[in-house]
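First the structure, in the form of structure tokens, and then the observations on it.
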Amino acid sequence: MLPVLICALVSLSLADNFDTAYPEMEHYRTIYVQENGPQLSVVTEQSKVVSRRGGNATLPCKFHRDASLPANPKLRIKWTKLTSDYLKEVDVFVAMGFHKRSYGRFHGRVYLQDSAPADASLVITELTLEDYGRYKCEVIDGLEDGTGVVSLDLQGIVYPYFPRLGRYNLNFFDAERVCREQDSIVASFDQLYEAWRGGLDWCNAGWLSDGSVQYPITTPREPCGGKNTVPGVRNYGLRDKEKNRYDVFCFTSNYKGRFYYLIHPSKLTYDEAVRACQKDGAQIAKVGQMYAAWKLLGYDRCDAGWLADGSVRYPITRPRRRCSPTEAAVRFNGYPDKKHKLYGVYCFKGHN
């Protein structure tokens, strides 16, 4: 018993001497635990891929397996799309050996690049507006798994929208519908933020795809959050999607077709405008198509014309006297009486 007691006293003495010699180490103790590292890792070489509607995109994803692992014919590659609120994942594509399957609206449009044995990159063809967003690449190898996330961005334009009923008349589901009707989708916060950085200034709050309500201000002023505030995207936060009513920010991208002003011998009522486009083998153009032509193709025309929603607008890329003299913009003449015979018409002829 005595040797044990002496040993304990010596240990305590050494500990006291250590704390005295190194007081700064008193509250810092490091414990090293050695274990085997992960035998599978997933790498996405790019965090963002940019393309356009109608084009193709390759979402990069590669995996690395420990060299000591035997070949696994049941190794599984799964791609999902994250919803804007990150609460759900939508199945896109799954591959295991020779078995491959695509899902929903991605069916027949997606496949693995397979440029190398460890390449899990996903190719999406014939991109749609709804393909915009974040995608998760997951590789499952027995008990090991790894994931990576890639964002797919689309070249395009964000624009504010309200219907004939007037401002602040849309709940979230109405907002989704009216954007679709104008060949667009509800914009995301990232898209609105990029539009704000590009100079978008709009003093009316609108829905975004995550269910929040926000608006972009580049020039602070009293009716828009206060004159002494800093520029930025003003945020009302998440709102009740059924009860609350606001405007909406829509997003659209490139299209396959021709947008044009129809040369006609006389001005037209709305119904006459619809028939005139049909007679020309086209359809009356939508608001999103005008914005895309203006922003992405530089379309410029100083003639006010009917659009499909009953509004009258015209696109100006070269400001000049009597044609938006102060800025390049899509000018808005409101929602006139559809019986007024005062305007031309913009048509759209799609290319299948």
**OP:** Report the distance from atom OG1 of Thr58 to atom OH of Tyr111, rounding to the nearest 0.5 Å.
**Re:** 6.5 Å
Original post:
Are Arg245 and Asp174 ion-paired here, with the side-chain N under 4.0 Å from a carboxylate O?
Top reply: yes
**OP:** Inspect the surroundings of CD in Gln113 and state if more than 12 heavy atoms from other residues, nucleotides or ligands are less than 6.0 Å away.
**Re:** yes
**OP:** Dump the intermediate steps for salt bridge (charged side-chain N to carboxylate O under 4.0 Å, His left out) on Asp91 and Lys78, then the final yes or no.
**Re:** CA-CA 8 Å; Asp91 288 340; Lys78 181 179 181 180; 3.7 Å; yes
Original post:
His264 and Ala276: which non-hydrogen atoms are nearest, and at how many Å?
Top reply: CD2-CB, 4.3 Å
Original post:
Between CD of Glu144 and CG of Asp66, what distance do you get to the nearest 0.5 Å?
Top reply: 9.0 Å
**OP:** For Thr125, check side-chain hydrogen bond (donor to acceptor under 3.5 Å, both in side chains) against everything at least two apart and list the hits.
**Re:** none
Original post:
What's the spacing between Tyr291 OH and Ser184 OG if we round to 0.5 Å?
Top reply: 10.0 Å
**OP:** Answer yes or no: is there an ion pair linking Asp190 with Arg134, defined by an N-O contact shorter than 4.0 Å?
**Re:** yes
Original post:
Between Ser121 and Asp119, do the side chains contain an N or O donor and an N or O acceptor separated by less than 3.5 Å?
Top reply: yes
**OP:** Verify the ring-centre separation between Tyr255 and Phe348: is it less than 6.0 angstrom?
**Re:** yes
**OP:** Name the orientation class of the two ring planes belonging to Tyr161 and Tyr159 (parallel below 30°, tilted from 30 to 60°, perpendicular beyond 60°).
**Re:** perpendicular
**OP:** May I ask you to say whether Arg320 pairs ionically with Asp300, meaning some side-chain N is under 4.0 Å from a carboxylate O?
**Re:** yes
Original post:
Is the shortest distance from a Lys or Arg side-chain nitrogen in Asp337 or Lys339 to a carboxylate oxygen in the other one below 4.0 Å?
Top reply: no
Original post:
Atom CD1 in Ile157, atom OG in Ser253: separation rounded to 0.5 Å?
Top reply: 10.5 Å
**OP:** In plain terms, say whether Lys341 and Glu272 are close enough for a salt bridge, that is, a side-chain N and a carboxylate O under 4.0 Å apart.
**Re:** yes
Subject >> Nearest atoms (heavy-atom pairs only) where Arg65 meets Leu40 >> reply: CG-CD1, 3.8 Å
**OP:** To the nearest 0.5 angstrom, please state how far the CG atom of Asn72 sits from the NZ atom of Lys74.
**Re:** 8.5 Å
Original post:
Just wondering, are more than 12 heavy atoms of other shown residues or ligands nearer than 6.0 Å to NE2 in His64?
Top reply: yes
Original post:
Just by distance, with hydrogens left out, do Arg318 and Ser324 show a side-chain donor and acceptor under 3.5 Å apart?
Top reply: no
**OP:** Rounded to the nearest 0.5 Å, what's the gap from CZ on Arg101 to CE on Met96? Could you check?
**Re:** 12.5 Å
Original post:
What are the two closest heavy atoms between Trp207 and Asn171, and how far apart are they?
Top reply: NE1-C, 3.5 Å
Original post:
Would you call Lys286 and Glu181 a salt bridge, using N to O less than 4.0 angstrom?
Top reply: no
Subject >> Evaluation steps, salt bridge (charged side-chain N to carboxylate O under 4.0 Å, His left out), between Lys81 and Glu89 >> reply: CA-CA 5 Å; Lys81 186 174 187 290; Glu89 295 182 18; over 6 Å; no
**OP:** Write down the atom of Thr317, the atom of Gly298, and the distance for their closest heavy-atom approach.
**Re:** OG1-O, 3.4 Å
Subject >> Atom of Arg167, atom of Trp202 and distance for their closest heavy-atom approach >> reply: NH1-CZ2, 3.6 Å
Original post:
Where is the tightest heavy-atom contact between Thr219 and Asp201, given as atom of each residue plus distance?
Top reply: N-OD2, 2.9 Å
**OP:** Scan Asn333, Leu342, Val274, Ile284 and name whichever one has a side chain to side chain contact (heavy atoms under 4.5 Å, CB included) with Trp306.
**Re:** Ile284
Subject >> Joint cluster assignment, Val330 & Tyr261, ILVMFWY side-chain distance < 4.5 Å >> reply: yes
Original post:
Pick one: which of Arg52, Arg105, Lys256, Arg53 meets salt bridge (Lys or Arg N to Asp or Glu O under 4.0 Å) with Glu126?
Top reply: Lys256
**OP:** Classify the ring geometry between Tyr246 and Tyr236 as parallel (under 30°), tilted (30 to 60°) or perpendicular (over 60°).
**Re:** perpendicular
**OP:** Let me know which of Trp294, Tyr314, Phe259 forms a ring-ring contact (aromatic ring centres under 6.0 Å, His included) with Tyr299.
**Re:** Phe259
